[in-house]
Number of protein chains: 4
Amino acid sequence: MSESSVPKSTLTGTARVEAFSDGVMAIAITLLILNIQVPEHEPGHLLRSLGHIWPAYLAYLASFMTIGVVWMNHHTFFGRLRRIDHVLRWWNLMLLLGVSLVPFPTIVVADALAHGSHRDAVVAVALYGIVGVIMTLPWAPMWWQLERRPEMLKAGLGPDYARRERWRAWPGLLVYAMTIGIGFLSPIIALVLFLLVSTFYGVNNKGWSSPSDPDPDEQDED
Amino acid sequence: MSESSVPKSTLTGTARVEAFSDGVMAIAITLLILNIQVPEHEPGHLLRSLGHIWPAYLAYLASFMTIGVVWMNHHTFFGRLRRIDHVLRWWNLMLLLGVSLVPFPTIVVADALAHGSHRDAVVAVALYGIVGVIMTLPWAPMWWQLERRPEMLKAGLGPDYARRERWRAWPGLLVYAMTIGIGFLSPIIALVLFLLVSTFYGVNNKGWSSPSDPDPDEQDED
Amino acid sequence: MSESSVPKSTLTGTARVEAFSDGVMAIAITLLILNIQVPEHEPGHLLRSLGHIWPAYLAYLASFMTIGVVWMNHHTFFGRLRRIDHVLRWWNLMLLLGVSLVPFPTIVVADALAHGSHRDAVVAVALYGIVGVIMTLPWAPMWWQLERRPEMLKAGLGPDYARRERWRAWPGLLVYAMTIGIGFLSPIIALVLFLLVSTFYGVNNKGWSSPSDPDPDEQDED
Amino acid sequence: MSESSVPKSTLTGTARVEAFSDGVMAIAITLLILNIQVPEHEPGHLLRSLGHIWPAYLAYLASFMTIGVVWMNHHTFFGRLRRIDHVLRWWNLMLLLGVSLVPFPTIVVADALAHGSHRDAVVAVALYGIVGVIMTLPWAPMWWQLERRPEMLKAGLGPDYARRERWRAWPGLLVYAMTIGIGFLSPIIALVLFLLVSTFYGVNNKGWSSPSDPDPDEQDED
């Protein structure tokens, strides 16, 4: 699909790809709330019921921050692009697939922590981590494609820039993989880690990019 | 995260942040209807069932108006911006977090008023008020950040303008906090107040901003 | 709220109002599918179950076409606007409230026709008609406001144009009101009428507008 | 509705039609995840439960790829347009109707494969194929309308181009129809085929269009 013998696909503007991606991420992040549901309870016991489902709040926050940070990364990534080809559109769709999956492990984790056995909680956190890995993988081929077709980048950015940025996906991958392991010891700590990592990353967005990069944001969309 | 020793983050256009925010708010406001569900009933008793869930209608209206007004405020706020930095993007995400939460207290209030005890209704209205407070808090740091980096404002608006506007968040906060108190006396009156306050605010959008402000809307987006 | 003594609110571009409205209508129209659910059935009886819920398909189609046509009207309406004021933004929010309600009567009608008594079906169709009326009402004040502030219209369109267009809302209102009456005789015929009216209107969009109107679409957005 | 005696409807820009379509497709593709739900299970049996619903994952992937590919086609189609008329807007709405339906057969197939008899699975896959056919049909009249009003195409593209492209809809139709037949023999193989065909098509987007077509993407939106 991306071999150099294949004729290069034509480039198009990024506006609609961004709009569709914004839509999918906005929906996935907002659907998460449907996962929080107060269980059946006797009249007069609402407060206790609300307390009983605390893992649902924790899972909600972790997933909200995770998708929020993916959106911020996506915003940064597309802020570097002038145009987009078919290969990039395809990997972007795979990224959206990962984001769309998030509500499922979120409810599984919340349920397992509230009602399941320790073994269920371990399985649930592992599922959460696997979806995290799926969601992180497409960044590598996306940067790789930019390295191969740097004409998609904004003026002043070249293949070296894309090569350096490609490494940014790995720490995220590592965190998700590690957290699966931690989940075997304590599922709750693993979930708290998911929350902290994405919050930290969100607050500190510039992350692994070196501060001396030429920053094309300055002459960005207006 | 926003200390002056930290190098200032680069500014980007606001288009995608607005698109993502519009998406989240549009979804949250439209999902509310999923909370209204006719309970199981004998054939021939639909009308009575529809009447029995009147608190769901009231809660729906209050939440619809609340999110609608947040959207109007958001529209006004971003109408003042030329560009946006990472700190503002982050607080905007926190604002969207608050908005995304709204469907949950809405269904809790509707359920508690229709099926719960008085104590449940008090708890539910307090939850509603707490989410209201969470949703109102981010406005203060958003204006604060504009005060510190007025270059994000449109031409003709400066730090003084942002400082004045920052106070607009407090009345909303106060109302939500007060209503939690009123909810202890009468949950229904508290819910009606939520509805009235946001409706009044929506009809009367210019709110606390002094009419002599230079109004950059006139040369707005087109 | 719209008395002439009130100082006129400032005008802003229409881009974000359209984006938010597109979002709400797109979500409402897509959520409808969640209302179609195959009832519990014995293995081997799926086909019969799928047949049994035919009123859900009919209600789905009627509501899809209804929202689709509201979107087309909205597109036409905003195609006439250069700018928008606070009063219009407010009535637009009321229009979106009506659209957001649609999934609720849709499921009520589908349920009543499949499982309820004749009386339930009459009640359900009346509810459907009432939501139709709520959804149609805001058009009148929206055109009225354009009549009072024709500077919001595109060049070449004046208050006369808005006055003429204002009458377009009434036939829709009348249809919904009439269909409530027809629903007392036969709820299914009433539902089929909802479907036919909106389909006919969708196919034949220019409707009651006189063909000699100057049509500003020609120099529209690009 | 599209006879040549009817006066031609005025042309408008495509921006809002694209935005609304992006919204509907983004929602439909993201709602799919709501169909995946872990069945009730004893504490400690989460892993087995997650395995038991494997048809839900397969159906999810097939539907995600299907809608993703429709979006890519839609993006390509509208990339050829300068303006749009009422007939095209109408057929676009029919296309969105087909896309909005997808979550329903997806859950029906997943349920039937996990819990139903062989006969149920055949019925479910046939329903899936029928929705696929409904979703593919509107492309033909859309290209046909471009053939009749080539002034809606971008500069350099004429009726010949539209005529050639019109044939692109047929292979998709054929695949869906064929797969209904294959579903009688093996519903699972049919579902895998749905997945493979759309994945293959997505990877290989340029499909049946001859590579010597003038490609207006090069001077596309920016």
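Here is how names work: the chains are called A, B, and so on, in the same order as the sequence lines, proteins then strands, and each is numbered from 1.
- Only the backbone of His45(D) comes within contact range of chain A, with heavy atoms under 4.5 Å apart.
- Counting heavy atoms from C-beta outward, Met72(D) and Phe20(A) have side chains that stay 4.5 Å or more apart.
- If you measure heavy-atom distances from Met25(D) to chain A, the contacts under 4.5 Å come from both the backbone and the side chain.
- Ala124(A) touches chain D through backbone and side chain together, each having a heavy atom under 4.5 Å away.
- Annotation: ring pair (Phe, Tyr, Trp, His ring centres under 6.0 Å) contacts of His74(D) (sequence neighbours excluded): Phe78(D).
- Rounded to the nearest 0.5 angstrom, Thr199(D) OG1 and Met94(A) CE are separated by 7.0 Å.
- In this structure, Asp120(A) and Glu42(D) approach most closely via the heavy-atom pair OD2-O, 4.3 Å.
- Rounding to the nearest 0.5 angstrom, the gap separating the CD1 atom in Ile33(D) from the CD1 atom in Ile27(A) is 13.5 Å.
- For Val17(A), the parts lying under 4.5 angstrom from a heavy atom of chain D are both the backbone and the side chain.
- The 12-atom threshold is not exceeded at CD1 of Ile189(D), counting heavy atoms of other residues, nucleotides or ligands nearer than 6.0 Å.
- Between chain A and the residues Pro43(D), Ser49(D), Ala19(D), the largest count of heavy-atom pairs under 4.5 Å involves Pro43(D).
- Residues of residues 96-104 of chain A having a heavy atom under 4.5 Å from any heavy atom of chain D, listed by number: Leu96(A), Leu97(A), Ser100(A), Leu101(A), Pro103(A), Phe104(A).
- Listed options Leu127(A), Val108(A), Leu31(A) were ranked by heavy-atom pairs under 4.5 angstrom with chain D; first place goes to Leu31(A).
- Both the backbone and the side chain of Ala28(A) come within contact range of chain D, with heavy atoms under 4.5 Å apart.
- At a threshold of 4.5 Å between non-hydrogen side-chain atoms, the residues Asp111(A) and Val38(D) do not count as touching.
- Here the OG1-CZ distance, from Thr14(D) to Arg16(A), works out to 8.0 Å after rounding to the nearest 0.5 Å.
- Contact detail for Ala26(D) and Gly23(A): the closest heavy-atom pair is CB-C, 3.9 Å.
- For the atom pair CD (Glu40(D)) and NE2 (His115(A)), the distance works out to 9.5 Å, reported to the nearest 0.5 Å.
- Only the side chain of Leu34(D) comes within contact range of chain A, with at least one heavy atom under 4.5 Å from a heavy atom of that chain.
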